Trainee: 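Below you will find the structure I want to go over with you.
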Protein chains: 2
Amino acid sequence: MTTSRRAKPETVTIRDIAARADVSPITVSRALRGSEVVRPETREHIARIARELGYIPNFAAGMLTSKVSSMIAVIVPNMANSIFATTLQEIGEGVGEDGYQLLIGCSDYSLEREEELVRTFLSRQTDAIVLTGHLHTPATEKMLRQSRVPVVEMWSLSGAPLGVSIGVNNYDAAVTATEHLISRGRRRIAYIGGDPSGNDRAQARIQGYRDTLEKAGLDFDPALLRTGSFEFDTGAEAVSFFVEEGLDVDAIFAASDIIALGVILELNRRRIAMPEKIAVCGFDDARIAQMVQPALTTIKFPRREIGQRVAEALLAMLSGRAPPQKTCDIGYSLIVRETT
Amino acid sequence: MTTSRRAKPETVTIRDIAARADVSPITVSRALRGSEVVRPETREHIARIARELGYIPNFAAGMLTSKVSSMIAVIVPNMANSIFATTLQEIGEGVGEDGYQLLIGCSDYSLEREEELVRTFLSRQTDAIVLTGHLHTPATEKMLRQSRVPVVEMWSLSGAPLGVSIGVNNYDAAVTATEHLISRGRRRIAYIGGDPSGNDRAQARIQGYRDTLEKAGLDFDPALLRTGSFEFDTGAEAVSFFVEEGLDVDAIFAASDIIALGVILELNRRRIAMPEKIAVCGFDDARIAQMVQPALTTIKFPRREIGQRVAEALLAMLSGRAPPQKTCDIGYSLIVRETT
DNA sequence: CACAAGAATGATAACGGTGTCATTTCATGG
DNA sequence: CCATGAAATGACACCGTTATCATTCTTGTG
């Protein structure tokens, strides 16, 4: 029982390995990182000792000098929303092979919360930061500019991104959907989507919807604009609201397929015929869109691609290369099915 | 242009603040951490200067001495699965108020991958580790035991957890569901769920299903056991398989409501009556279960509660208190609706 | 065989905080 | 006016790793 000093026998450091291998700590450091300059036999020898001793490296120590954390921060409004969950999954897989870990924060659609998160992520020296959307507080933008951390903004497009922008043109997509409903002879088109405050995706979609109505000479009726969370309920409740208030509605544009599904299920329950009485257009082309009856007309975009592109751009920036492009529009298309 | 030494003017440290405030660095450290021993005026003064200089603390440096990272690692099989996404969200919210950040890893249902993740999380000195399930490689268990990091295992229950166990008794739940189907006079009961390899939740459910069949004197037919990912398609494809192979099936137990939804939609499409021809029981009581037609009979459990309990237990352990209990069964109940 | 050039390894000093214990300051009461 | 103890502040070392530059060891070559 020759405990070295105090009762803290656990932590094995590179010094312990160095002593056993009869080399200097720095050689151990190099060997464990797989440096080419260390002789292969030495490297192996050190690796074996490290294994024997159950060595666990201390990232914090390394970070302090090397300034590299191998962590990437991602801020999403909400993880439970499948669209963001999928994106996180893709990003995680994409950067994981290069040894990066995801540090995830939820902003709850609050720009102040986002600012807070950015602050702590900078403290943690994440090697890059991924944000959702282009709407940020001035303080957030200032911090990011000053820190010189690679930044990716996703899910909406911006002409002047902080770093790289990868997403969908939400405005155009909403225009396409609304025009489609109008082309089907609809005049009283409702919109159901997320709360636009602090959410540039929602803002852009609503704007596209309103502008298109106006262009077609249709009035915008505030009563037909419903917002809520991205859940089935939001769609179902909106339908109930329209019916119970006796509002005249002949089409619904739902800013998410989940919401649209709620709409469809509620219309089915109320035996309101689609598309005869009410036409429905969704957004996302989730798997469920083609399985539900009637099958949902929707705006499709390559959802997994966003995460993949983000990962690509991150790896490019982190390895010093230039990202493929400043702004990447992943595009969308209208999939017409039975609800319109 | 009096750059101090090299072209690295950016990083503001507590030393810079100390110089400006005419105090020692350690006082700055204490002040910024809100220590009571520093005079309030001094504290404020230092805080103001820190703000002026745009000081961003360096967690890594602090971690090195204090051994506290304020990070909690969570390993889930898959983030895109809404059940885990919700749990992550809850855990994040629960521990976020106390300043903890979530470091998330995806094991892809692989125990080896989990081992790897645990290793890097230990390297990063996360203050606690949350795992999904109780099935781990021996190396994983050894590392966790040695490291003395607080561990929570969630979503399944174990008599001998590594730390704290919070979840559902998957075996009992499957027994209940299967018994219910049998009580409805069904004899040819199919099971559709996740791949059981490396997944103790799936294993327990399948075991419960098989044991119950046996107890009722029913044969287990391997052809009626279908596994796949937790997506609509798995359910829909299984139904197509049963029909196309001409298999006699009068009930389906789906180990997830998403899968069950796929089953219902496919049965609807094929105009197979529920519950007359085929009874269906789901698992989860997702919102969609009561909206779909016919409404889905399912095993309900307080899904959000798991995340909340995990967060609670974590905070307790991290603040030195004992967790509420070693093993926490959040319970479940059978919700009978129209599909059985 | 001496010597240059590369290969392999090492010594030293940070990196930016914080734990520990020592010191100074200050009000209080005898 | 000084002893006393609490309040406030400071000095120093160290956390575990790595960047930087220096040193030693090989090896091939004229």
Side-chain angles (χ1 to χ4, degrees), chain A residues 4-46 49-50 53-70 120 122-125 127 147, chain B residues 4-46 49-50 53-70 120 122-125 127 147:
Chain A
S4 59
R5 209 172 299 183
R6 272 175 253 181
K8 203 203 279 176
E10 301 308 333
T11 13
V12 178
T13 75
I14 55 170
R15 263 177 263 269
D16 301 324
I17 301 175
R20 275 257 227 149
D22 203 34
V23 294
S24 71
I26 190 67
T27 301
V28 176
S29 169
R30 282 197 273 251
L32 293 178
R33 276 179 296 162
S35 164
E36 288 295 321
V37 308
V38 178
R39 206 150 37 99
E41 311 130 53
T42 317
R43 229 186 303 166
E44 246 176 76
H45 183 212
I46 290 175
I49 294 184
L53 264 49
Y55 170 71
I56 290 182
N58 182 329
F59 260 85
M63 271 169 73
L64 205 51
T65 27
S66 71
K67 310 281 184 214
V68 174
S69 67
S70 294
T120 76
L122 288 177
S123 274
R124 292 183 186 282
Q125 323 247 158
D127 297 338
S147 71
Chain B
S4 57
R5 210 173 298 184
R6 273 175 252 182
K8 203 203 278 172
E10 300 308 333
T11 13
V12 178
T13 76
I14 55 170
R15 267 174 255 270
D16 300 323
I17 302 175
R20 275 256 227 149
D22 203 34
V23 294
S24 71
I26 190 68
T27 301
V28 175
S29 168
R30 283 197 274 252
L32 293 178
R33 275 179 297 162
S35 164
E36 288 294 321
V37 310
V38 179
R39 203 149 38 101
E41 310 131 55
T42 316
R43 228 186 304 165
E44 247 177 73
H45 184 211
I46 290 176
I49 293 184
L53 293 173
Y55 170 71
I56 291 182
N58 183 329
F59 260 86
M63 273 168 73
L64 206 50
T65 22
S66 70
K67 309 280 183 215
V68 173
S69 67
S70 293
T120 77
L122 289 176
S123 274
R124 293 183 185 281
Q125 323 247 156
D127 297 337
S147 71

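All of these numbers come straight from a predicted model, not from anything done at the bench. Note on naming: letters A, B, ... go to the chains in the order of the sequence lines (proteins, then strands), and numbering restarts at 1 for each one.
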Trainee: Can you give me the closest heavy-atom contact between A:Y55 and A:V12, atom names plus distance?
Mentor: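 Residues A:Y55 and A:V12, closest heavy atoms: CD1-O, 3.2 Å.
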Trainee: Which heavy atom in A:L32 sits nearest to a heavy atom in A:A50, and how many Å separate them?
Mentor: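 So the two residues come closest at CD2-CB, 4.1 Å.
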Trainee: With sequence neighbours excluded, give me every salt bridge (charged side-chain N to carboxylate O under 4.0 Å, His left out) pair touching residues 24-43 of chain B.
Mentor: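 Applying salt bridge (charged side-chain N to carboxylate O under 4.0 Å, His left out) to every pair that reaches into residues 24-43 of chain B, excluding sequence neighbours, yields B:R39-B:E41.
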Trainee: Please round to the nearest 0.5 Å and tell me the distance separating atom CE of B:M63 and atom CG of A:L64.
Mentor: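 So the CE of B:M63 and the CG of A:L64 are separated by 10.5 Å.
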Trainee: Could you tell me how far apart A:R43 (CZ) and C:dA7 (P) are, to the nearest whole angstrom?
Mentor: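 Interatomic distance, CZ of A:R43 to P of C:dA7: 14 Å.
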Trainee: Give me the residues of residues 14-22 of chain B where at least one heavy atom lies under 4.0 Å from an atom of DNA chain D, by number, or none.
Mentor: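 Within this stretch, nothing sits under 4.0 Å of the strand.
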Trainee: Checking all strands, does B:P25 fall into the base, sugar-phosphate, or nothing category for heavy-atom contacts under 4.0 angstrom?
Mentor: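 If one applies the 4.0 Å heavy-atom cut-off, B:P25 turns out to touch nothing in the nucleic acid.
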Trainee: As an exercise, state the distance from CG of B:N58 to OG1 of B:T11, rounded to the nearest 0.5 Å.
Mentor: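 The CG atom of B:N58 sits 9.0 Å away from the OG1 atom of B:T11.
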Trainee: For A:M63 and D:dA19, what is the distance between atoms CE and C1' respectively, to the nearest whole Å?
Mentor: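 Going from CE in A:M63 over to C1' in D:dA19 covers 17 Å.
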Trainee: Which heavy atom in A:F59 sits nearest to a heavy atom in A:S70, and how many Å separate them?
Mentor: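 Distance-wise, the nearest heavy atoms are CE2-CB, 4.2 Å.
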Trainee: Report the residues that fulfil side chain to side chain contact (heavy atoms under 4.5 Å, CB included) with A:A21, sequence neighbours left out, ordered by chain and then residue number.
Mentor: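 Residues passing side chain to side chain contact (heavy atoms under 4.5 Å, CB included) with A:A21: A:V23, A:H45, A:I46, A:I49.
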Trainee: Enumerate the protein-to-nucleotides 4-9 of chain D contacts in which both atoms are nitrogen or oxygen and the separation is below 3.5 Å.
Mentor:
from: D:dT9; atom 1: OP1; to: B:R39; atom 2: NH2; distance (Å): 3.3
from: D:dT9; atom 1: OP1; to: B:T42; atom 2: OG1; distance (Å): 3.1
from: D:dT9; atom 1: OP2; to: B:R39; atom 2: N; distance (Å): 3.0

Trainee: Under the rule for side chain to side chain donor-acceptor pair (under 3.5 Å), what residues qualify as partners of A:T65, not counting sequence neighbours?
Mentor: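 Once residues adjacent in sequence are excluded, A:T65 has no partner under the side chain to side chain donor-acceptor pair (under 3.5 Å) criterion.
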Trainee: Rounded to whole angstroms, how far apart are CD1 on A:I56 and P on D:dG16?
Mentor: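 Computing the A:I56:CD1 to D:dG16:P distance gives 13 Å.
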Trainee: Identify, with sequence neighbours excluded, every residue that meets side chain to side chain contact (heavy atoms under 4.5 Å, CB included) alongside B:L122.
Mentor: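 If we apply the side chain to side chain contact (heavy atoms under 4.5 Å, CB included) test to B:L122, skipping adjacent residues, the hits are A:I56, B:V118, B:I129, B:M143, B:S147, B:V149.
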Trainee: Can you sort out the partners of A:S24 under side chain to side chain donor-acceptor pair (under 3.5 Å), two or more places apart, ordered by chain and number?
Mentor: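 With neighbours one apart ignored, the set is A:T27.
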Trainee: Within this structure, what is the NZ-to-C1' distance between A:K67 and D:dA19, rounded to whole angstrom?
Mentor: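 So the two atoms are 11 Å apart, to the nearest Å.
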Trainee: Give me the bend of the helix from C:dC1-D:dG30 to C:dG30-D:dC1, using the axes of the five pairs at each end, rounded to 10°.
Mentor: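 About 50° separates the two local helix axes.
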Trainee: Whole angstrom is fine here: how far is it from CG in B:N58 over to C1' in C:dT18?
Mentor: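 My rounded result for the distance is 13 Å.
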Trainee: Is there a donor-acceptor pair closer than 3.5 Å between any side-chain N or O of B:R124 and the backbone N or O of A:S69?
Mentor: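 It does hold such a pair.
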Trainee: Of all the heavy-atom pairs spanning B:I14 and B:P25, show the shortest one and how long it is.
Mentor: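 Looking at all heavy atoms of both residues, the closest pair is CD1-O, 3.7 Å.
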Trainee: Round to the nearest Å and state the distance from A:L64 atom CG to C:dG17 atom P.
Mentor: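 Nearest whole value for this atom pair: 9 Å.
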Trainee: Who pairs with B:T13 by side chain to side chain contact (heavy atoms under 4.5 Å, CB included), at least two apart in sequence or on another chain?
Mentor: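 B:T13 satisfies side chain to side chain contact (heavy atoms under 4.5 Å, CB included) with B:R15, B:D16 once adjacent residues are dropped.
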Trainee: Give me the distances for all protein-to-nucleotides 24-26 of chain C N/O pairs that come in under 3.5 Å?
Mentor:
none

Trainee: A:R33 has an atom CZ; how far is it from atom P of C:dA8, in whole Å?
Mentor: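 Computing the A:R33:CZ to C:dA8:P distance gives 17 Å.
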